[in-house]
Number of protein chains: 2
Amino acid sequence: MDRQRTEKNEDASARERPTLKTLAFMTGLGVTTVSRALKDAPEIGAETRRRVQLVAKQIGYRPNRAGVRLRTGKTNVISLVLNTEQEIMSFVSDIIYGVTEVIADTPYHLIVTPYSRSQDPLDPVRYLVETGSADGVIISRTQPNDPRARYMLERGIPFATHGRTDMGLVHPYHDFDNYAFAAEAVRHLAGMGRRRLALVTPPVGLSYYRHTVDGFADALSEAGASEVPFNIVSIDHSMEQIRTRTAQLMRRDIRPDGIISSAAAATLAIVAGIEDAGLKLGHDVDVVSKQSSDLLHLFRHELLVVNEDFRLAGSELARSVLGWIGGAAPGSLQSLSEPKGVVAYRGSD
Amino acid sequence: MDRQRTEKNEDASARERPTLKTLAFMTGLGVTTVSRALKDAPEIGAETRRRVQLVAKQIGYRPNRAGVRLRTGKTNVISLVLNTEQEIMSFVSDIIYGVTEVIADTPYHLIVTPYSRSQDPLDPVRYLVETGSADGVIISRTQPNDPRARYMLERGIPFATHGRTDMGLVHPYHDFDNYAFAAEAVRHLAGMGRRRLALVTPPVGLSYYRHTVDGFADALSEAGASEVPFNIVSIDHSMEQIRTRTAQLMRRDIRPDGIISSAAAATLAIVAGIEDAGLKLGHDVDVVSKQSSDLLHLFRHELLVVNEDFRLAGSELARSVLGWIGGAAPGSLQSLSEPKGVVAYRGSD
DNA sequence: CCAATATACTGAAACGTTACAGATTGCCAA
DNA sequence: TTGGCAATCTGTAACGTTTCAGTATATTGG
């Protein structure tokens with residue numbers, strides 16, 4: 001018969017997860033000492049510290065997240081807030097990988113907090129803050145005057161935005177220089193002799209809408225080209241809509257001879273629309289498009305592309321949030337990614 | 001001068017998050033009673049129950065996750081385990097949305113647990129189980145003999161796999177019927193008069209590799225068509241490789257007049273390869289491809305597609321895991337999604 | 001040699017929750 | 001009246017962690 005155990009931790013063969021108590025029993029120390037030894041507190045003797053850390057490593061001790069979280073309030077969680085309908089597809093995938101890349105060797109977990117088109121974008125953020133579910137938050141689809149950023153700033157929770165705001169408030173962000181993108185695109189098209197340019201914009205209301213439109217407008221006047229208004233669509237519209245309206249546009253007398261597109265998926269529809277109208281890409285019209293993965297050149301060789309790296313964005317955003325959590329100044333955690341230029345197909349045909 | 005507060009919860013105006021203690025103070029009951037009233041325990045009077053729940057709703061009480069987790073071990077977390085390099089892009093995005101859709105009105109959070117090509121796929125799963133970080137796990141890239149499934153079955157942690165296993169063990173899964181996909185694709189091509197078919201397979205080693213290859217082979221002999229071996233690539237290869245090797249294949253004397261592709265991205269490369277070889281899609285060769293978002297027909301009208309719905313997969317997987325957690329029999333939580341048939345372009349030109 | 005102080009360690013309390021083992025009340029059968 | 005019992009409610013302990021307020025021992029200065 002087994003002798004009844006009085007203390008569960010006396011049974012070293014117990015297959016249960018080790019806790020500080022286990023370590024304390026094994027080393028003959030108190031739990032307080034063990035706790036401090038593990039985090040290199042100064043008032044612990046050097047040898048004791050080493051001994052504790054050795055044993056901890058040996059038996060694979062890992063702090064219980066719930067314990068830590070309950071006691072300290074620290075969740076070790078970063079939350080990525082995503083719109084479940086309107087995000088660019090590769091954005092979701094790449095930004096997640098970018099984030100996980102950075103937090104891989106930290107104790108942080110990534111949770112994805114979704115919200116739908118019909119919800120107030122502030123809802124998920126409010127939930128996270130009110131329930132204290134995360135130490136840091138990453139949001140996308142940033143607006144010039146973004147209530148979410150303002151809210152989190154008020155509540156003092158670290159966050160980073162994908163895209164800049166324009167509220168006179170300082171916070172970490174990562175952004176792609178869409179002003180430069182649009183301007184370079186215009187210059188490139190102008191350099192090819194294109195004179196009447198149309199722009200398929202980002203969603204109206206988001207910060208990078210303005211940046212893109214401004215870059216487009218400034219470069220346009222500088223290059224002496226003119227705009228063919230095409231405000232009827234943005235990249236948030238369905239492929240169907242973009243396609244039909246592009247076809248309509250291209251059938252008009254004064255049609256653009258150059259189009260700039262802010263997203264790859266929209267570009268597929270734009271090209272379809274161009275061809276629906278019986279025109280030829282690269283001949284009647286040239287298209288410069290942003291893309292985040294290298295697909296467009298397989299689609300049509302004639303396309304001109306500018307690459308935006310969402311994985312990089314994810315990494316930068318994660319770094320920013322972690323930095324803020326770690327006490328860095330929010331103003332020092334901002335980054336802007338410059339387009340690498342318009343690239344034409346340099347392929348095997 | 002403010003009277004010093006002896007109990008923090010006596011100060012009803014405190015802006016702090018309400019706990020059971022707060023509710024207990026407000027209702028004049030004990031915390032135990034409040035706790036039970038909130039979860040509809042039978043030994044609580046009907047009026048008390050209503051009263052407690054009313055107050056709880058009024059002040060916006062939400063259980064502290066760390067408290068629950070520490071006490072009960074329940075994490076209220078579902079973990080989605082993803083390979084950071086080899087997943088299909090739209091898969092990541094769609095499956096996440098599918099999962100979040102289902103867990104939206106549950107207390108569950110979704111955490112994404114990544115692993116890289118160089119890691120043992122068992123690593124992240126082992127981590128999750130050892131640290132008790134999730135109540136349920138979803139894995140993809142399932143293998144016929146999958147160590148992860150075996151491991152989780154041994155440890156008794158609820159999970160669901162995207163793709164079936166073949167170990168004689170029963171567990172929840174969701175799968176797309178890739179046997180049917182390949183067979184239908186073959187039949188469709190044969191019906192068009194195509195006789196020499198090549199298959200671009202899923203990654204060798206994954207469960208759906210076998211299903212796809214079997215469906216291909218069976219339908220092939222049934223239709224009296226022949227296979228042009230093309231084992232040199234799978235959809236896990238780079239676009240470059242697929243493209244080059246397709247071009248090589250298509251330049252040979254005995255080249256396929258029909259190709260079946262298991263993923264949209266690969267299809268882009270395949271088509272590029274076909275055109276590199278100077279052949280015309282829809283004329284010299286037809287291609288049937290799986291896709292998960294409606295892009296391929298914009299790419300080339302001549303493509304034949306079969307749709308796979310990853311968002312549905314995400315929902316089904318989440319439902320399965322929640323079901324298992326909720327006590328349902330694992331064997332009753334399996335689903336297979338049938339292809340809706342090969343669809344040709346029915347577009348506007 | 002004593003007091004002061006530095007060094008190394010420790011127990012108890014608390015975070016918010018649930019489970020266990022009562023406690024109190026009212027009602028009914030005997 | 002009393003014992004039994006159902007119906008409600010309650011205090012305490014525990015989950016694993018960190019922090020507070022110590023304690024014990026060795027070391028130093030005078």
Side-chain angles (χ1 to χ4, degrees), chain A residues 6-9 14 16-53 55-56 59-77 107 130-133 135, chain B residues 6-9 14 16-53 55-56 59-77 107 130-133 135:
Chain A
T6 48
E7 273 284 343
K8 93 171 181 207
N9 282 306
E16 297 194 329
R17 190 141 95 96
T19 70
L20 287 183
K21 213 160 140 194
T22 320
L23 283 179
F25 177 74
M26 295 182 74
T27 56
L29 297 164
V31 294
T32 305
T33 311
V34 172
S35 172
R36 299 182 122 149
L38 287 177
K39 49 174 55 77
D40 289 321
E43 61 269 68
I44 301 297
E47 197 208 308
T48 305
R49 178 171 25 241
R50 273 200 310 277
R51 198 159 59 92
V52 170
Q53 289 179 353
V55 177
I59 66 173
Y61 167 78
R62 294 168 181 268
N64 178 305
R65 309 190 118 232
V68 176
R69 181 164 170 178
L70 181 57
R71 177 67 235 247
T72 64
K74 183 130 209 280
T75 62
N76 283 313
V77 161
E130 281 176 0
T131 61
S133 290
D135 296 335
Chain B
T6 48
E7 272 285 342
K8 93 170 180 204
N9 282 307
E16 298 195 329
R17 190 142 97 94
T19 68
L20 287 183
K21 211 160 139 193
T22 319
L23 283 180
F25 177 75
M26 295 181 75
T27 55
L29 298 164
V31 294
T32 304
T33 311
V34 173
S35 171
R36 300 183 120 151
L38 288 176
K39 46 172 58 75
D40 288 320
E43 60 268 69
I44 302 297
E47 196 208 308
T48 306
R49 191 191 348 261
R50 274 199 310 276
R51 198 159 59 90
V52 170
Q53 288 178 355
V55 178
I59 66 174
Y61 167 78
R62 296 170 181 265
N64 178 305
R65 310 189 117 234
V68 176
R69 180 164 170 177
L70 181 57
R71 178 65 237 244
T72 65
K74 184 131 208 284
T75 61
N76 283 315
V77 161
E130 281 176 2
T131 62
S133 290
D135 296 335

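Quantities reported herein were computed from a predicted structural model and do not represent experimental measurements.
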Verify the contact: side-chain N or O of [X] to OP1 or OP2 of [N], cut-off strictly under 4.0 Å; return yes or no.
X	N	value
T48(B)	dC9(D)	yes
K39(B)	dT18(C)	yes
S35(B)	dT18(C)	yes
T72(B)	dT18(C)	no

Any N or O donor-acceptor pair under 3.5 Å from the base of [N] to the side chain of [X]?
X	N	value
R65(B)	dT17(C)	no
R36(B)	dT10(D)	yes
T33(B)	dT8(D)	no

From the options [options], select the nucleotide whose nearest atom is closest to the side chain of [X].
X	options	result
T32(B)	dT19(D), dT17(C), dA19(C)	dA19(C)
L70(A)	dG16(D), dT17(D), dG11(D)	dG16(D)
L20(B)	dT18(C), dT10(D), dT17(D)	dT18(C)

Check your understanding: Which part of the nucleic acid does R69(B) contact within heavy-atom distance under 4.0 Å: base, sugar-phosphate only, or nothing?
Key -> nothing

Review point. Reckon I44(B) touches a base, only the sugar-phosphate, or nothing at all at heavy-atom distances under 4.0 Å?
Key: sugar-phosphate

Review point. Where is the tightest heavy-atom contact between S35(A) and L20(A), given as atom of each residue plus distance?
Key: CB-CD1, 3.8 Å

Revision key, fill the gap. Comparing nearest nucleotides in DNA chain D, the 5'-proximal residue of the pair G28(B), G67(A) is G28(B)

Practice item. In whole angstrom, give the distance that lies between atom CG of L38(B) and atom P of dT8(D). Key: 17 Å

